[in-house]
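Worksheet for the structure shown next.
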2 protein chains.
Amino acid sequence: MTDDEQRRPVTTAATSLGILERLKSGGPMGPTGLASELGLAKSTVHRHLKTLEREGFVVPDDDGYRVGLRLLDFGIYARDQHQLYEVAKPKLDELAEQTGEKVWCVTEEQGRGFHLYGAAGAHSVRTPAREGTRSYLHQLAAGKAILSAFPDERVRDIVDRHGLPAKTPRTITDPDALFEELATIRERGFALNREEIVPKLHAVGVAVTDNEGHPVGAISISGPSNRLRGDRLTGDLADLLLGAANEVEINLNFS
Amino acid sequence: MTDDEQRRPVTTAATSLGILERLKSGGPMGPTGLASELGLAKSTVHRHLKTLEREGFVVPDDDGYRVGLRLLDFGIYARDQHQLYEVAKPKLDELAEQTGEKVWCVTEEQGRGFHLYGAAGAHSVRTPAREGTRSYLHQLAAGKAILSAFPDERVRDIVDRHGLPAKTPRTITDPDALFEELATIRERGFALNREEIVPKLHAVGVAVTDNEGHPVGAISISGPSNRLRGDRLTGDLADLLLGAANEVEINLNFS
DNA sequence: ACCCCCGTTCGAACTGTTCGAACAAGATTT
DNA sequence: AAATCTTGTTCGAACAGTTCGAACGGGGGT
């Protein structure tokens with residue numbers, strides 16, 4: 001059904017984007033290193049780099065080239081365009097102060113979760129997530145909340161496309177188990193994450209939907225597992241989140 | 001001297017990047033609109049969009065395509081890599097709370113200024129600047145502070161390359177006037193901006209340099225002209241900034 | 001029910017990219 | 001200090017890929 005196979009991709013452009021991704025995942029590099037890692041000729045990479053540099057997408061560095069701040073310009077623009085961001089942001093700051101934990105706002109794009117904004121509470125712990133981070137939806141409390149608001153068919157497409165890769169032994173890797181979990185989430189209204197992405201890290205997540213019931217994203221609270229457990233997790237914090245999500249939903253429909 | 005003319009740019013990649021920029025400046029569009037604005041065939045644009053979509057750089061939208069959040073991932077990464085960001089951030093938050101104004105941290109790339117991070121104080125006003133915004137250095141207090149830390153030759157190159165475009169009647173547009181201003185800044189240690197980029201907006205800026213004297217960026221405080229004037233601007237606020245910049249410089253050299 | 005506009009596909013002509021070799025410059029080594 | 005290796009850069013030719021225009025199919029509007 002999902003014809004992922006693109007008929008005739010622009011391979012030249014894809015090469016440039018591949019260089020960009022390599023510079024992000026592998027750190028600053030020069031033409032020689034990139035060429036050997038990407039299986040291209042030095043001269044080819046060189047020409048691509050010069051073109052990317054002309055547009056500000058890469059910048060010369062001591063160790064070769066690195067991704068340029070022009071991408072921050074684009075990225076922040078993309079975030080600001082998102083309806084959820086501006087509405088949820090003040091509410092997230094409020095939640096972070098109230099709970100003292102880390103509060104995130106996540107949205108879906110192409111079947112993946114993107115961390116739009118994170119508010120740090122007084123006792124919030126450091127996690128691998130940053131703003132902009134792209135994650136698998138099934139590995140996040142907020143992600144599972146989003147999935148629970150999708151029709152089953154859509155969830156199945158996403159699972160087919162991206163699979164259910166594991167991050168910890170507790171990550172959901174079985175489609176059937178995922179659908180069971182989503183049913184539970186739909187019933188009680190919020191999603192839980194118990195060490196499914198980072199050991200010793202728990203989280204609660206609630207979907208934010210538009211007036212047609214389609215999810216525009218989700219908000220979540222995450223923190224150390226010994227602080228986020230029992231009634232505090234499934235009671236106070238979940239209720240707080242449900243209320244906040246509801247507020248955001250109302251504001252969304254009038255903006 | 002500056003051979004801006006690239007010998008053989010990868011025009012295909014440049015086309016893709018051009019589409020990206022058009023989507024940012026012109027808002028979401030479809031292949032037809034982009035093709036007419038860029039002077040390309042519909043089918044060409046379509047193929048580029050599909051390729052960009054495959055990498056997450058653009059995403060389908062009600063009105064066609066829009067820039068994707070993958071760019072936020074890249075952009076935030078680029079910011080986090082910057083040495084100045086993590087060191088300056090806590091100090092900026094502190095300054096914002098102390099002064100109640102908007103505090104920015106700006107760095108230079110390719111002769112342009114990039115807003116890395118902005119902390120909003122209690123009374124801070126809304127300005128056109130966002131995080132990621134690319135500006136002309138001569139239009140910013142922080143930008144002029146950066147320029148004042150460059151050797152004259154470097155400043156001349158930047159002026160040759162980007163010119164001195166005006167934003168308001170008070171923007172410096174004459175190279176000689178700029179060099180005079182930079183000399184003054186070097187003497188007193190801080191830069192001023194009096195309605196040179198936005199009417200009724202003033203700012204103070206101080207450069208942050210590494211242990212070799214090269215600027216890694218600058219920090220600034222900006223606010224309404226009737227609040228940022230006289231002794232408060234050139235005295236209290238300037239002193240506060242100078243102290244903050246000095247702290248940041250020390251922390252920079254040990255990280 | 002019609003039409004128009006937009007997104008999409010396809011084939012052929014051609015423009016642009018890719019590759020490898022060669023050059024220059026800097027760093028590291030002997 | 002000379003020599004050698006590596007890196008960034010330039011160049012030309014063969015090739016591969018991109019571009020364009022036309023045509024198809026679908027959705028919204030009149």
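Both backbone and side-chain heavy atoms feed into the values below; hydrogens, waters and symmetry mates do not. To find a chain, count down the sequence lines: A is the first, B the second, and so on, and within it residues start at 1. The structure presented is a predicted model; accordingly, all values stated were derived computationally and were not measured.
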Inset, instruction - Round to a whole Å and report the spacing from CD of Glu53(B) to P of dT8(C). - result: 8 Å
Inset, instruction - Could I get the full list of side chain to side chain donor-acceptor pair (under 3.5 Å) partners for Gln139(B), not counting sequence neighbours? - result: none
Legend entry - Sidechain N-carboxylate O distance under 4.0 Å for Glu37(B), Arg22(B): yes
Legend entry - Residues forming a ring pair (Phe, Tyr, Trp, His ring centres under 6.0 Å) with Phe74(A), sequence neighbours excluded: Phe57(A)
Inset, instruction - Take the protein atom NZ of Lys50(A) and the nucleotide atom C1' of dG8(D), then report the distance between them rounded to whole Å. - result: 9 Å
Legend entry - Rounded interatomic separation in angstrom, taking CG from Leu49(A) and P from dT17(C): 15 Å
Inset, instruction - Let me have a per-nucleotide readout for nucleotides 14-30 of chain D, 5' to 3', with B, S or -, counting only protein heavy atoms under 4.0 Å. - result: ---SBBBB---------
Legend entry - Cationic N near anionic O, under 4.0 Å, Glu131(B) to Arg79(B): yes
Inset, instruction - Considering only NZ, NE, NH1 and NH2 on the basic side and carboxylate oxygens on the acidic side, decide whether Lys50(A) and Glu53(A) come within less than 4.0 Å. - result: yes
Legend entry - Under 4.0 angstrom between His46(A) side-chain N/O and dT9(D) OP1 or OP2: yes
Inset, instruction - Sort by first number and list every stem of DNA chain D: at least 3 consecutive Watson-Crick or G-U wobble pairs, both distances under 3.5 Å. - result: C:3-5 with D:26-28, C:7-30 with D:1-24
Legend entry - N-O pairing of Glu181(A) and Lys144(A) below 4.0 Å: yes
Legend entry - Partners passing side chain to side chain donor-acceptor pair (under 3.5 Å) against Tyr77(B) (at least two apart in sequence or in another chain): none
Inset, instruction - Report the residues that fulfil ring pair (Phe, Tyr, Trp, His ring centres under 6.0 Å) with His115(A), sequence neighbours left out, ordered by chain and then residue number. - result: Trp104(A)
Inset, instruction - Measure the distance from CG on Asp62(A) to C1' on dG8(D) and round it to the nearest whole Å. - result: 15 Å
